[in-house]
Amino acid sequence: MSRVYNFSAGPAVLPEEVLKEAANEMLDYDGSGMSIMEMSHRTKTFDKVIQDAEADLRDVMNIPDNYKVIFVQGGATTQFAAVPMNLMSKNQKAAYIETGNFSKKAFQEAKMFSDKVRVVASSKDKNYTYIPDCSNLPIDEDDDYVYICENNTIFGTKFHTLPNTKGKPLVSDQSSCFLSEPVDVTKYGVIYAGVQKNVGPAGLAIVIIREDLIKEDADLQFKTPTMLKWKTQIDAKSLYNTPNSWAIYICGKVFKWIKAQGGLEAMKKKNEAKAKILYDYLETSKLFINDVRKEDRSIMNVVFRTGNEELDAKFVAEAKNHNIVTIKGHRLVGGMRASIYNAMPVEGVQALVDFMREFEKENLK
Ligand SMILES: *Cc1c(COP(=O)(O)O)cnc(C)c1O
């Protein structure tokens, strides 16, 4: 058996220690004689799994007591609808910042609920290669929230400064930067993330919601389906129906792994060091191009291309011989993308850059 360097954007690489632990526990979790996958979610054993997962996440992210945490199904995309359905007041107004495909999709979804939803800043003019200036946005007094996608998985950009929301709650899709570095949770109204980028198996989303934003049924503006109501999930402690218990179990292990690595400060240090290796090389390369504005670079998803589609395809094909896989860029942008999440070892990034150098030498005319 041999592991590859998997640069997939998601589902993505997970820590080997976690995979081994899960493998060891597959036939008999904690003396139960069964795996977590086969176990009722109403057992004491599973209850401990989900309680510990939440406690460890709260610890890792330093989540204040006035924020609720829920584990819900449907990935990040389901939250595109849940956000307006849970947060809109009678005004039904919200301001979206468009920095790529995922924020655009979230905006379009919110538009289905209200035509008073608007894009207040966009980087579409330069194909989403930068983060727009968000220091003085046209946010209205009656806007219910301001929405961002914090790390743009497809385009390789990241908000390194949060927008000035003029006092309105900030809603952030953190799917591809979740737990990659410390965040000040108090700056947000809602943080959510699909976990398959940096934390666990696909299909689960974690939503962190400031208490005062949780609405009673009477205050909801839409006929919000029971499963999409955050309050349903909060009241039921994420066990309203059968949860994605397997994903919660793996996430719990990843939270413990992060703690053992030294927490989010340590993650950040490691992630910045990995990204630096790649960006430093890209800056000197005469073959590979990265268009992202320097101050807006993501340390999770690094995009690059040669400018020649055939050569890009050759790179992707030859990379396999070096154990480097899923390095192809998203179909919207082409080229290549190296997703270098928490669990990607520095050796993987080094192997990638070594191969890029070699490829450049052979292919630069
Ligand atoms: C992957 C991703 C999504 C979509 O996640 P799903 O779980 O597939 O719905 C949304 N937002 C961001 C930033 C992503 O990276």
Side-chain angles (χ1 to χ4, degrees), residues 6-14 70-85 96-110 112 119 122-124 128-132 145-160 162-163 170-181 183 188 190-208 227-228 230 233 238 243-244 246-248 250-251 254 271 275 292 296-303 326 328-333 337-344:
N6 174 12
F7 290 93
S8 172
V13 57
L14 288 170
I70 51 175
F71 298 90
V72 294
Q73 298 181 56
T77 305
T78 303
Q79 297 305 311
F80 294 173
V83 165
M85 290 190 111
Y96 278 67
I97 298 165
E98 187 194 16
T99 52
N101 198 45
F102 290 118
S103 45
K104 190 171 144 192
K105 278 181 161 171
F107 166 72
Q108 285 165 345
E109 195 80 6
M112 300 196 321
V119 170
S122 171
S123 53
K124 195 178 172 192
Y128 305 120
T129 51
Y130 69 103
I131 299 293
Y145 60 89
V146 177
Y147 183 99
I148 62 169
C149 175
E150 200 158 328
N151 184 78
N152 296 283
T153 326
I154 297 172
F155 298 92
T157 62
K158 156 110 205 286
F159 279 85
H160 293 291
L162 293 177
L170 178 64
V171 177
S172 176
D173 175 357
Q174 284 193 351
S175 296
S176 50
C177 59
F178 195 58
L179 303 185
S180 64
E181 57 181 280
V183 294
Y188 300 82
V190 176
I191 294 172
Y192 74 89
V195 303
Q196 75 276 25
K197 307 291 159 68
N198 214 7
V199 216
L204 182 75
I206 295 173
V207 192
I208 303 166
M227 280 292 286
L228 293 191
W230 289 336
Q233 307 288 2
S238 305
N244 186 341
W246 173 255
I248 293 167
I250 297 290
C251 286
V254 172
N271 288 328
V292 172
D296 301 327
R297 286 171 175 171
S298 166
I299 59 166
M300 292 279 97
N301 311 97
V302 181
V303 293
T326 12
K328 197 167 183 266
H330 190 276
R331 60 196 139 76
L332 279 177
V333 290
R337 168 176 54 179
S339 295
I340 49 176
Y341 298 124
N342 287 352
M344 171 59 67

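Read the numbers this way: they start at 1 and go in the same order the structure lists the ligands and their atoms. None of these values were measured; they are calculated from a predicted model.
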Please report which non-hydrogen protein atom sits nearest to [atom], along with the residue it belongs to and the distance in Å to one decimal place.
atom                    : answer
atom 3 (C) of ligand 1  : Phe102 CE2, 3.4 Å
atom 9 (O) of ligand 1  : Thr77 OG1, 2.5 Å
atom 11 (N) of ligand 1 : Asp173 OD2, 2.6 Å
atom 7 (O) of ligand 1  : Gln196 NE2, 2.8 Å
atom 1 (C) of ligand 1  : Lys197 NZ, 1.5 Å

Qualifying residue for side-chain contact (heavy atoms from CB on, under 4.5 Å) with Ser172, from Asn151, Ile148, Val190, Ile208 = Ile148
In this structure, which one of Ile154, Thr326, Val302 forms a side-chain contact (heavy atoms from CB on, under 4.5 Å) with Arg337?
-> Ile154
Is it true that Cys149 lies under 4.0 Å from ligand 1, counting heavy atoms only?
-> yes
Report the C-alpha separation of Leu162 and Tyr188 in whole Å, then their side-chain angles, then the decisive distance to 0.1 Å, and conclude whether the side-chain contact (heavy atoms from CB on, under 4.5 Å) test is met.
-> CA-CA 9 Å; Leu162 293 177; Tyr188 300 82; 3.6 Å; yes
Parallel, tilted or perpendicular: which describes the rings of Tyr147 and Tyr96, with under 30° parallel and over 60° perpendicular?
-> parallel
Ala76-ligand 1 polar pair, N/O distance under 3.5 Å = yes
Between Lys104 and Gln108, does a side-chain contact (heavy atoms from CB on, under 4.5 Å) hold up when you go through it step by step?
-> CA-CA 6 Å; Lys104 190 171 144 192; Gln108 285 165 345; 3.7 Å; yes
Would you kindly say whether Asn152 and Thr157 are connected by a side-chain donor-acceptor distance under 3.5 Å?
-> yes
